[in-house]
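Quick caveat, the model's predicted, so the values are computed rather than measured.
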Amino acid sequence: MGINDERDIEANLQIGPTDMGQVRLFVTADGGLEIPMDFDPEEAEEIVDELRAAIQAARRVKPKGRR
């Protein structure tokens with residue numbers, strides 16, 4: 001399984017601060033799956049940087065079927 005493999009799973013993502021000073025990414029999916037991921041603020045900023053880099057790379061990709 002890789003990042004380009006599609007799945008037929010619906011999931012929800014919530015992002016917010018915890019009362020412990022962490023940033024939580026909370027994923028819920030079909031079947032009651034819950035995945036809390038806590039990061040200190042510095043780690044969260046690194047994730048933001050990675051997201052921005054991925055956004056820029058995605059903008060350069062020409063999706064199949066589009067011209």
In the hydrophobic clustering (ILVMFWY, side-chain contacts below 4.5 Å, transitive), which residues join Ile3, or is it alone?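 For Ile3, no cluster forms, as it stays isolated from other hydrophobic side chains.
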Side-chain cluster (under 4.5 Å, hydrophobic types only) that Ile15 belongs to, other residues: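 Joined to Ile15, directly or through intermediates: Leu13, Val23, Leu25, Val27, Leu33, Ile35, Met37, Phe39, Ile47, Leu51.
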Hey, could you give me the [atom1]/[atom2] distance between [X] and [Y], rounded to the nearest 0.5 Å?
X	Y	atom1	atom2	result
Asp38	Arg24	CG	CZ	4.0 Å
Glu42	Glu46	CD	CD	8.5 Å
Gln22	Glu43	CD	CD	7.5 Å

Those residues at least two apart in sequence (or on a different chain) that pass salt bridge (Lys or Arg N to Asp or Glu O under 4.0 Å) with Asp40 are none
Nearest atoms (heavy-atom pairs only) where Pro41 meets Gly21: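 Taking Pro41 first and Gly21 second, the nearest heavy atoms are CD-O, 3.6 Å.
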Counting only heavy atoms from other residues, nucleotides and ligands, does the tally under 6.0 Å from CG of Asp8 exceed 12? no
Report, as yes or no, whether the 6.0 Å neighbourhood of atom CZ on Arg52 holds more than 12 heavy atoms from other residues, nucleotides or ligands. no
